[in-house]
Amino acid sequence: MATAALLLNSCSRENPAPPEQVVVYSSVDDTYSRPLCEQFSHATKIEVKLVPDSEETKSTGLLNRLIAEKERPQADVFWSGDPVRAAILAAKNIAAPYESPQAAAIPSEFTQPSLGFTMFSTRMRVIIFNRNLLAGKAPPASVFDLIDPRFRGAGCLANPLFGTTSMHAAALFQVLGEPAAKDYFRKLTENKVAMLSSNGEVRRRVAAGDFELGLTDSDDANVALKDGAPIGYVLPDQEGMGTLMVPNAVVLIDRGPNPVNARRFIDFILSPDSERWLAESDAAQFPLHPGLSPPQFFGRPLAEIKVMKVEYRSMAAQLEGLNAGFLEQWVQEQNSLPSRIGRGK
Amino acid sequence: MKQLASSQFSKRFIELKGLRPSCDWRLLVCGCILALAVMPTLWLMCSSFEPRSFAAVLTAPFLGALKRTLVLFTAVIAGALVLGWPAGTLMGLVPFSGQRLLFAALAVPLLTPSSLWAVGISLARPWFAYRHQWWLDGFWGALLAGLVQALPLVLLASALLVRVLPGSQIDWTLLSNGWPALLVASARFSLPAAVAAAVLGGLIVIADPGAAQIMGYHGMATEILIALAARYDAGLAARKTLWLALFLLPCLMPIAWWVSAWSQSHFFGRDLRKIRPKLFGPLPWAIIVLSLLGIGPLLLTPIAGFARAARSPQFFQSLQYAWSILKQSAPTTIRYGFVAGMIASLAALLLILAAGRKYQGRFVLILFCFILLIIPGALHALGFAGIVSQLPGSFDSVTRQGMGPGLASGFRWLPIPTLLCLRIWSLVPESAHQSAALHGVPWFYYHLRVTLPNLLPALFCGLLLVGLATAADASSTLILLPPGAATFTTRIFGVLDSTTERTLSALCLIYIAGGLLVLSVFAYLQPLVRRF
C-alpha cells in the first residue's frame, strides 16, 4: 500500500514545489479571492497557492485547519472575510505582527499594530426585502423591524453562531449592552423570525418570496439584484446606532513557510488597486483608502453612511463567550422549533 | 457431535496447512487497520480529554438534538426499507432492458454531496404553493434529502443480494407456488442486506450537517458542527461524536450480529448457479412500475429544482463556466479519488483475509463499519491534520501533498469495500478451502488464483465507489487539500454562497451528469471485469 502511495505521489503534479510561492488560506468567496490572487501572480511572478473555504464550513474549516496546523503551519497568509476570525487567530498566537506600508493611508482604527491583523475593503450588513411582497408597505429601516409585529413570521436571518451573522450578534451585544441584546434575541423568537443556514440562503429565500425581509451581507444583495431578483435593500439604523461594517482582514501567519512572499502578498491585497477591484466587482465592497470611488451598488461614499461603532479587538473574546453561552442556547432553542415554512402565515 | 468434531478437524486442518492465517496474525492485522481508521478521531479526543468534560456534554439541548437525530435515523431507515427493499428485490430478480442504466442512475445520489441535493430540493420549493412547501423543509425536508441517499443504497443492496439466490431454491419455489411465493422467499432472503444498507444510509445521513443546515432540522451533526465552527473545539466535537456512538451502539450491535450470523448461514456451501427467471403475469411488472413511481419523484424533485433555474436565457453561459471548472479540477479530483479508492480497497482486502470467514470477525467488521460512518468527515480530517502537523517535515510528501486527502478519505470510506468484499468472500464455499488444503496448495498461490479473482469485482467496485465518495466530499477535503489544489466539489462549495442560482444549477447538473456517465460506463464494464 505504501509503495503504491509513494508511486502515485511521485506522479503528483503538486509535488515539485516551485521556488517562489505563497500559501493563502481565504474565507472570502472564491469568486472574488481567486481573481485577485491571479493578479498578484501575474504582477510578481509569485505563485499563489490558494485554499478557499466552502459555504458548508464557512470560516470553520480553515480556522480549525489553521489551529490544527499550529505546530507546523502550511499557510503564510489568512485572508478573512471578517475581522472576528482574524482576531481569534491573533488571540491563539497564530498571527505574526506586520505593518504594511500599503496600509498607511487606511484609517488607523483598522490598522492598529496591537490588533495583530489589518483590515481593508468592507462589506455592510443590510436588510433585503422582497419588493413584490412589500408593495404598498413601508420598507424596513432598522434591525428592530425584524421584531416589529407587522413583520411577524416574515423575517429571516442566518445562524448567529456562524459567519458574519455571528459578528453582527456580537456587535449588537457591544452596542446595546447585554440585557438589551438578549431581549432583542428573545423577541426575534417571539416574532417568529426564521433562522436559516447561511446569508446566501437568506438571499435565495427572500428573492423566492418565502420571506418578506432578511438580514444579510451587501455582496449577497448585490448578486441577487444582478440576477434580476425582485428585491430591494436598506442600510439599517441610519437614524439610530448605524450600520455594521464587515471589513476584510488579512493576517500574517506566524512561522509560515514563505514569510517574505507573504508580506508582498499582504502589501498587494492592501493596495488601493486591490480595493478598487473589490469595489468594482460583484463583491461591491467599500474601499477604506480615502479618495477611491464607492461601489455602484451603494451609490454614495462611506463618509455619508452612519456606521456602527464597535471595538473589533474585543469582539472575538466576546463572541467566544456568547457562542459557548447565550447564543448557543438561543440557536438550540431555534433548532428545536418545527418547520420554518408557514410559521407566521 | 460427529458434525462438530468434523468441523473442528477441518478448521484445524486448514490452519495447519496455512491457508487460513493463525489467530494472532489476524488480530494484529485487523487491529492495526481498524486503529489507523479511527486514530484521527481518537487523537482529537485524547488530546483534550478530561473526565468532567466528557460528562458535561450531556445537556438538555444535546439530548434534544440526540432525540431528533434518532427520529430522523429511524425514519430514514424505515422509509428506505419500505420503498427500496421490495423494489430492489424485484429488480434483482427480473431482468429488463435498460436495467444497468437505471442502476447507474440510482447510484448517482450516493456519490453526490448531500448538500447539493438539499439545495436542489430547496430550489424546487417555488414549484409549489407556499402552503404546500412544508414537506420540503424541516423534518420532512431532511427526511426527503436523507431518503435520496439512503433509498438507492437499500435498493441496490437488495438487487445485488437477490441475484445470488441459489438456483435450486428459485426452481423449487417457482415450481411449487409460482411468482408470489418466489417474491416472498427472495424478499426474506434480501432483508438482512437491505437492513444493513438502510442502517448505513441512515448513519451517513445523520453524520452529515450540510442537508440539516439547509433544511433547518438540527440534530447531532449540527451539535458537532457548532463545536467546530462556533467554539473551535475539536475535542468537544470528538466527545459529542463518542456520545452519539455510545447511544447508537445498543441498536447497531444486534443488527451487526444478525447480519453477520445470517451471511454465515445463508451463503456457505450453497449452490450458486445463477438463474434469471422469466417474467410471468402482471404482478412483478406492476410492483416495479409502482416502486419506480414512488422513487422517481423523490429523486427528481432536486433535479426539478435545478431545472427551474435552467430556464434562464444565460444558462448556456453558466454551463460553459461549469464545464471549464470541471476541466480545471478533474485531474486533481480523479487523483484523490483514485488514491482513496486504492487505499480503501487494499485495506479492505487485508481486513477480509484476516477476519472475513469467521462470524465473530464478520460481526466485529460490520459493527466497526457502522461506527466509522458515525464520525463526521470534518472531524476525521481535523484529527488527521493535527497528527500530520506533529510529524517531521520529511513526511510531508506523503501526508500533506497530493496524498493527504486520499490517505485520509481511504480510511474514512473503508466500510464500503469492506462490506462489498465481505459479501463476496462469503460466497466462496468452504469446500474450496478444504480441497485446496487437502491438495497442499501453497497459501500465496491459493489466494492469488482463487481469492483474488473472486474478490476482484468487489475491489474494483469498492475502488470506484470510494473514489466517487471522495470526489463528493467537501468538508474533509477542504481541511486536507494541498495548497493550490481543488476538486470539483470544493470549487462548487467555494462559490455556493456567492454565485447566481443558474450558475449553481449548472454546476450541480454537470456534476450529476458526470457521475451518471462514470457509473454507466462502470455498469457496462463490470461484466468484463468479472470475466477477467
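Being a predicted model, the structure only gives us computed values, none of them experimental. Side chains included, hydrogens not; waters and symmetry mates left out as well; all remaining heavy atoms used. Below, chains carry the letters A, B, ... as their sequence lines are ordered, and counting in each starts from 1.
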Heavy-atom pair count under 4.5 Å with chain B, highest-scoring of A:E328, A:E71, A:K70, A:Q74: A:Q74
Pick one of side chain, backbone, both or neither for [X], based on which atoms fall under 4.5 Å of a heavy atom in chain B.
{"X": "A:V24", "value": "neither"}
{"X": "A:E320", "value": "neither"}
{"X": "A:I67", "value": "side chain"}
{"X": "A:A208", "value": "side chain"}
{"X": "A:I88", "value": "side chain"}
{"X": "A:D219", "value": "neither"}

Side-chain ([X]) to main-chain ([Y]) donor-acceptor, under 3.5 angstrom:
{"X": "B:T490", "Y": "B:T487", "result": "yes"}
{"X": "A:N323", "Y": "B:A230", "result": "yes"}
{"X": "A:D82", "Y": "A:V84", "result": "yes"}

Under 4.5 Å from any heavy atom of chain A, what part of [X] do you find: side chain, backbone, both or neither?
{"X": "B:E223", "result": "side chain"}
{"X": "B:T59", "result": "neither"}
{"X": "B:L349", "result": "neither"}

Spatial distance of atom CD (A:E212) from atom CG (A:N132) [nearest 0.5 Å]: 11.0 Å
Separation between SG of A:C156 and CZ of A:R203, rounded to the nearest 0.5 Å: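 CZ of A:R203 is found 12.5 Å from SG of A:C156.
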Contacts table for residues 381-395 of chain B: side-chain donor-acceptor under 3.5 angstrom, sequence neighbours left out:
residue, atom, partner, partner atom, Å
B:S389, OG, A:A68, O, 3.0
B:S389, OG, B:G386, O, 2.8

